[in-house]
Each structure stands twice: as C-alpha cells, then as structure tokens.
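Have a look at the structure below, then the notes.
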Amino acid sequence: QVQFVESGGGLVQPGGSLRLSCVVSGIIFRFYDMDWYRQAPGKQRELVASITNGGYKTYADSVKGRFTISRDNAKNTVFLQMNSLKPEDTAVYYCNVNPPSMHWGQGTQVTVSS
C-alpha cells in the first residue's frame, strides 16, 4: 500500500520560509499526480497545491505566489517551498496522491507565530 512520510515543518516567524518534503513509497511515483493538503485546528482539510506527473502545477488562491510545489521522481519525493508565511498558514501539512488514497501520513506541523 502507498505510504507517505512528511517532514520539514516547524515554528517560524511571520514572513519566514520553510521547505516541506514528502517521501512516497508503495507506488510507481513518477506515474502519479501529487497533492499537498493542510488542516488547521477546527477546520476541514484543504487542498493547497498540486503537481501532475508531467509537472503541471496548480495552487489554492490563498497560497498562490508564496508557495511552490515540486517533485523529484528519482527520490520519490514531493516538496512544498513556503515563503512569506502568515499566521493563517499554521496547520498540519500532508501529501497524498491524486485522487487521494485512504491512507494518510502523520503530517508535519507548521506553526507561524511571533
């Protein structure tokens, strides 16, 4: 079965940057479209960014111009570069395939606070 291991989160001040990584196993990674999601306390999980197996990228309006999704097929890894972070970006971030698997990783906590 597919497995996701997210990392790279932490505590950062507003305006700061973080780079998240997600290592994927159990699938032929290069064939799959990949998504990053986030879930803030008391809110539903939301789609943040997507990248197709061909490298086409899309973003939620709330992160457009600040976040960049990328992938390294040789390392079975998808990345999320987050710049100009805001307190409202605070959430647990997850990756998944598109369409999403029922199996989710543990996520990585991002906290934006002064």
Side-chain angles (χ1 to χ4, degrees):
Q1 68 186 37
V2 61
Q3 291 187 321
F4 309 99
V5 179
E6 300 94 345
S7 63
L11 173 63
V12 63
Q13 292 187 342
S17 298
L18 285 172
R19 188 190 193 211
L20 307 184
S21 300
C22 174
V23 178
V24 184
S25 60
I27 59 171
I28 303 175
F29 178 77
R30 66 183 184 275
F31 290 163
Y32 284 81
D33 300 345
M34 294 298 303
D35 295 332
W36 278 100
Y37 292 81
R38 66 185 181 188
Q39 187 167 20
K43 294 188 176 182
Q44 288 192 331
R45 193 170 293 173
E46 64 171 340
L47 179 64
V48 173
S50 301
I51 185 167
T52 67
N53 58 6
Y56 183 75
K57 306 172 186 181
T58 56
Y59 300 94
D61 287 344
S62 58
V63 306
K64 203 171 292 183
R66 300 188 297 122
F67 290 11
T68 303
I69 189 171
S70 61
R71 64 191 296 159
D72 184 338
N73 289 339
K75 296 182 179 180
N76 286 11
T77 302
V78 60
F79 302 98
L80 187 67
Q81 177 67 44
M82 307 187 297
N83 298 330
S84 303
L85 282 161
K86 304 176 181 180
E88 51 264 43
D89 296 318
T90 295
V92 179
Y93 284 71
Y94 304 87
C95 71
N96 209 319
V97 295
N98 183 352
S101 165
M102 62 181 293
H103 303 288
W104 292 82
Q106 82 288 349
T108 186
Q109 175 71 49
V110 172
T111 303
V112 185
S113 174
S114 54

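Given the structure is predicted, the values throughout are model-derived calculations rather than measurements. In this chain, residues are counted from 1 in sequence order.
In this view, K43 satisfies the salt bridge (Lys or Arg N to Asp or Glu O under 4.0 Å) rule with no residue, not counting sequence neighbours. Scanning for side chain to side chain donor-acceptor pair (under 3.5 Å) contacts around R66 gives D89, with sequence neighbours left out.
Once rounded to the nearest 0.5 Å, the distance linking CD1 of I69 with CG of D35 reads 6.5 Å. In this structure, CZ in F4 is found 15.5 Å from OG1 in T108, a value given to the nearest 0.5 Å. Between the CG atom in N96 and the CE atom in M34 there is a gap of 6.5 Å [rounded to 0.5 Å]. L20 CG to Q81 CD: the interatomic distance, rounded to the nearest 0.5 Å, is 8.5 Å. To the nearest 0.5 Å, atom CG of residue N53 and atom CZ of residue F31 are 9.0 Å apart.
Under a 4.5 Å side-chain heavy-atom cut-off, the cluster of Ile, Leu, Val, Met, Phe, Trp and Tyr residues that includes Y56 has no other member. Alongside Y94, the hydrophobic cluster contains Y37, L47, V92, W104 (criterion: ILVMFWY side chains under 4.5 Å).
Among residues at least two apart or in separate chains, side chain to side chain donor-acceptor pair (under 3.5 Å) pairs with a member in residues 7-27 are S17-N83. Among residues at least two apart or in separate chains, disulfide bond (SG atoms under 2.5 Å apart) pairs with a member in residues 34-114 are C22-C95.
A continuous path of hydrophobic side-chain contacts links V2 to W36 [ILVMFWY only; heavy atoms under 4.5 Å].
Atom CD of E88 sits in a crowded spot, with more than 12 heavy atoms from other residues, nucleotides or ligands closer than 6.0 Å. F79 CZ: more than 12 foreign heavy atoms inside a 6.0 Å radius.
Under the 4.5 Å side-chain criterion, counting only non-hydrogen atoms from C-beta, Y59 is in contact with T68. In this structure the side chain of V24 never reaches within 4.5 angstrom of the side chain of R71, judged on heavy atoms.
Residues P14 and S114 share a closest heavy-atom pair of CD-N, 3.7 Å. Pairing each heavy atom of R38 with each of S62, the nearest pair is NH2-OG, 3.4 Å.
A donor-acceptor contact shorter than 3.5 Å links the side chain of Q106 to the backbone of E6.
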